[in-house]
Amino acid sequence: MKLAVWTYEGPPHVGAMRVATAMKGVHYVLHAPQGDTYADLLFTMIERRDHRPPVTYTTFQARDLGSDTATLFKDAALAAYERFEPQAMIVGASCTAELIQDDPGGLTEALGLPVPVVALDLPSYTRKELFGTDETFYQLVRHLARPIQRTERVSCNILGPLALGFRHRDDLVEVKALLAGMGIDVNVVAPLGAAPADLARLGAAHFNVVLYPEHAEAAARWLEREHDQPWTKTIPLGAGATRDFVAEVARLAGIEARLDEDRLRQPWWSASVDSTYLTGKRVFLFGDATHVRALARVARDEMGFEVVGLGCYNREFARDIRSLARDYGVEALITDDYLEVEARIAELAPELILGTQMERHIGKRLGIPCAVISSPVHVQDFPARHSPFMGVEGANVLFDTLVHPLVMGLEEHLLAMFRDDPEFSDAAGPSHHGHLAPAGSAGGQSPHPPALHSPALHPPAMSGRMRDGHDASPAALIWLDGAERELRKVPFFVRGKARRNTEKFAQDQGLAEISVETLYEAKAHYAR
């Protein structure tokens, strides 16, 4: 049923597929029923790869369940080896095939193939996609990495980037440049672009750089334990974190930290006149734990935003995100249900959402701008241009990503100046939130402006209209028509804040109705 609606993560075999697709010379034999091959579209359509994933499906059907599906798997594995001649194979079962318990690992071992075969045990009903990436990469490293002499020059491995990764291709370019600027060689990048022979020489590096813990932390911990390789804990997302990353790498390499900041525009741009207008904007973050943790710091410390809420969907990192939320004085939201996320966003009514493709749609529905900062993402988040999130250029890209969805200072004055113009009136809806324009209007205009209490202008979860009862909660407060008309004179991008402040003021005063006088008294109260 979950697959019938939006989902943040697929089953774990999709994670395994992401690792196999990222690598060279690896083939994945997946015991799966007909219909489980949909995952191919993730790579060819969303990531726009020019070749399909290296996956062979057994594609058994309902009528096969009464016969020997084990033989079907062995035939598929042997045919895949003979056709593709991989350097290593991984084998496993999809969530449906897991129920028939055919043991892909034991079946493949009986074939006696002359290449390493890594059997995956991915519990589909208790784990999800990001566990699948982490476990698959760990098993490949554990089976293929060998003791080897260290490189003469200081070197590192870069672990974590893989197929269908959000900006992984571009992040890798920036991180390599940071390391090269410090005189550190890159021994192996994995899984992205690595072959089984490359994994065999992982032990030659002096330390590991982990860019995406969701995909590589288990492997990094194993390499630290078995090959005495420490690993970086800082993710270079944002100007401050990039400086911290360089300092950490220098400490592990035993060299002096060096960072060329000539291209770093973000600190100055964040302090520019038009950007300081955005100081204090209320922001809500949701996505994978790595990006939420890093972007919360960027939002608060580098952009001057107020973080009013944050959360993640990968429960393996729930403890870290709850600890982070306490540091920010907010309550963490740990869920994989987008409806819970939408309800929290509606409750908090932030002025900006930093999230995934799902939050982009939620923002459109609620009329709140959103910037995508984490997977799952859509095809538009795999740009043809170089657009990293990490490193020096990544800090510049992050500035644009966080600022562009918001209305800047000059726009505020122009919108106020032309408030009565048909094209810019509230009845037409803001141009970049065009979905809020009245239905059936041409060019966002309508000869019949919507009612003051139109659901299109005030989403139900954010409205102050009384529903039932007479308590003083925001949902029970009555906005008189005159107050509603006066509220609409406030620019749309701060109207939500004005509504919340007024309702809180009315609650504190024990009022059941909000009049024009109440609105101005609240304004005077919060202006002190």
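We count residues from 1, following the sequence as given.
Of the charged side-chain nitrogens involved, none lies within less than 4.0 Å of a carboxylate oxygen, so that E351 and R282 do not count as a salt-bridged pair. The residues E135 and R127 are annotated as not salt-bridged, no charged nitrogen and carboxylate oxygen being separated by less than 4.0 angstrom. Remark: E331 does not engage R326 in a salt bridge, criterion side-chain N to carboxylate O under 4.0 Å.
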Which is it for Y313 and D288 under the side-chain contact (heavy atoms from CB on, under 4.5 Å) test, yes or no, and what are the steps along the way?
-> CA-CA 6 Å; Y313 57 79; D288 69 56; 3.6 Å; yes
Check the pair I90, L140 against side-chain contact (heavy atoms from CB on, under 4.5 Å), reporting the backbone distance first and the verdict last.
-> CA-CA 8 Å; I90 55 179; L140 283 167; 3.6 Å; yes
Is there a side-chain contact (heavy atoms from CB on, under 4.5 Å) between H386 and V173 once you walk through the steps?
-> CA-CA 9 Å; H386 181 62; V173 172; 3.8 Å; yes
In sequence, state the C-alpha distance, the side-chain angles, and the governing distance for F43 and R18, and then conclude on side-chain contact (heavy atoms from CB on, under 4.5 Å).
-> CA-CA 9 Å; F43 304 94; R18 293 177 62 183; 3.8 Å; yes
Does the pair T232 and E248 meet the rule for a side-chain hydrogen bond (donor to acceptor under 3.5 Å, both in side chains), with working shown?
-> CA-CA 7 Å; T232 58; E248 183 180 16; 5.0 Å; no
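Applying the side chain to side chain contact (heavy atoms under 4.5 Å, CB included) criterion to A22, with sequence neighbours excluded, gives L162, A163, P191, L192. With sequence neighbours left out, the side-chain hydrogen bond (donor to acceptor under 3.5 Å, both in side chains) criterion links Q357 to R360, H361. Not counting sequence neighbours, the partners of A332 by the side chain to side chain contact (heavy atoms under 4.5 Å, CB included) test are I321, R322, A325, I334. Residues passing the side chain to side chain contact (heavy atoms under 4.5 Å, CB included) test with T279, sequence neighbours excluded: T276. Shown here are the salt bridge (charged side-chain N to carboxylate O under 4.0 Å, His left out) partners of R251, two or more places apart in sequence or in another chain: there are none. The side-chain hydrogen bond (donor to acceptor under 3.5 Å, both in side chains) test applied to R315 returns no partner, not counting sequence neighbours. Under the rule for a side-chain hydrogen bond (donor to acceptor under 3.5 Å, both in side chains), Q87 has no partner lying at least two apart in sequence or in another chain. Take A294 and apply the side chain to side chain contact (heavy atoms under 4.5 Å, CB included) test, not counting sequence neighbours, and it matches L237.
The OG atom of S374 sits 8.0 Å away from the CG atom of N314 when rounded to the nearest 0.5 Å. Taking CD1 from I353 and CE from M358, the interatomic distance works out to 13.0 Å, rounded to the nearest 0.5 Å. We find the CG-NE2 distance between L172 and H168 to be 10.0 Å, quoted to the nearest 0.5 Å. Here the CZ atom belonging to F207 is positioned 4.5 Å from the SG atom belonging to C156, to the nearest 0.5 angstrom. If you take NZ on K504 and CZ on R500, they are separated by 12.0 Å, rounding to the nearest 0.5 Å.
A heavy-atom distance below 4.5 Å is found between the side chains of P54 and T21. Counting heavy atoms from C-beta outward, V403 and M303 have side chains that approach closer than 4.5 Å. Using a 4.5 Å heavy-atom threshold, the side chains of L402 and L295 count as touching. A heavy-atom distance below 4.5 Å is not found between the side chains of V209 and W231. Side-chain atoms of I235 and L211, non-hydrogen and from C-beta on, never get closer than 4.5 Å to each other. In this structure, the side chains of R150 and D228 come closer than 4.5 Å at one or more pairs of heavy atoms. With contacts defined as side-chain heavy-atom distances shorter than 4.5 Å, the pair P53/Y28 does not qualify.
Without hydrogens or angle criteria, E359 side chain to T356 main chain gives a donor-acceptor distance under 3.5 Å. Remark: side-chain polar atoms of E261 are not paired, donor with acceptor, to backbone N or O of V392 under 3.5 angstrom. Checked by atom type and distance alone, the side chain of R49 never pairs as donor or acceptor with a backbone atom of T44 at under 3.5 Å. At least one donor-acceptor pair under 3.5 Å links the side chain of T401 to the backbone N or O of V397. Remark: side-chain polar atoms of S375 are not paired, donor with acceptor, to backbone N or O of V377 under 3.5 angstrom. Listed for the S323 side chain is no donor-acceptor partner under 3.5 Å among the backbone atoms of R319. When atom types are taken as modelled, the side chain of D337 and the backbone of L339 share a donor-acceptor pair closer than 3.5 angstrom. With D171 contributing its side chain and F389 its backbone, the two residues share a donor-acceptor pair below 3.5 Å.
Paired with N208 under the rule side-chain contact (heavy atoms from CB on, under 4.5 Å), one option of N187, L223, I158 passes, and it is L223.
Under the ring pair (Phe, Tyr, Trp, His ring centres under 6.0 Å) criterion, the residue pairs touching residues 281-301 are Y8-F286, F166-H291, with sequence neighbours excluded. Sorted by first and then second residue, the salt bridge (charged side-chain N to carboxylate O under 4.0 Å, His left out) pairs involving residues 173-202 (not counting sequence neighbours) are R153-D185, E174-R263, D198-R201. Residue pairs that meet the side-chain hydrogen bond (donor to acceptor under 3.5 Å, both in side chains) test with at least one member in residues 294-307, sequence neighbours left out, are D244-R297. Applying the salt bridge (charged side-chain N to carboxylate O under 4.0 Å, His left out) test to every pair with at least one member in residues 203-226, sequence neighbours left out, gives these pairs: E217-R221.
S387 and R167 form a side-chain donor-acceptor contact under 3.5 Å, judged by distance and modelled atom types alone. Under the 3.5 Å distance criterion, with hydrogens and angles disregarded, no donor-acceptor pair is assigned to the side chains of Q139 and T136.
Proximity of the aromatic rings of H215 and F137 is defined here by a centroid distance below 6.0 angstrom, and this criterion is not met.
Under a cut-off of 6.0 angstrom, the local environment of CZ in R52 is crowded, with over 12 non-hydrogen atoms contributed by other residues, nucleotides or ligands. Other residues, nucleotides and ligands place more than 12 heavy atoms under 6.0 Å from the NZ atom of K233. More than 12 heavy atoms of other shown residues, nucleotides or ligands fall within 6.0 angstrom of atom CD in Q380.
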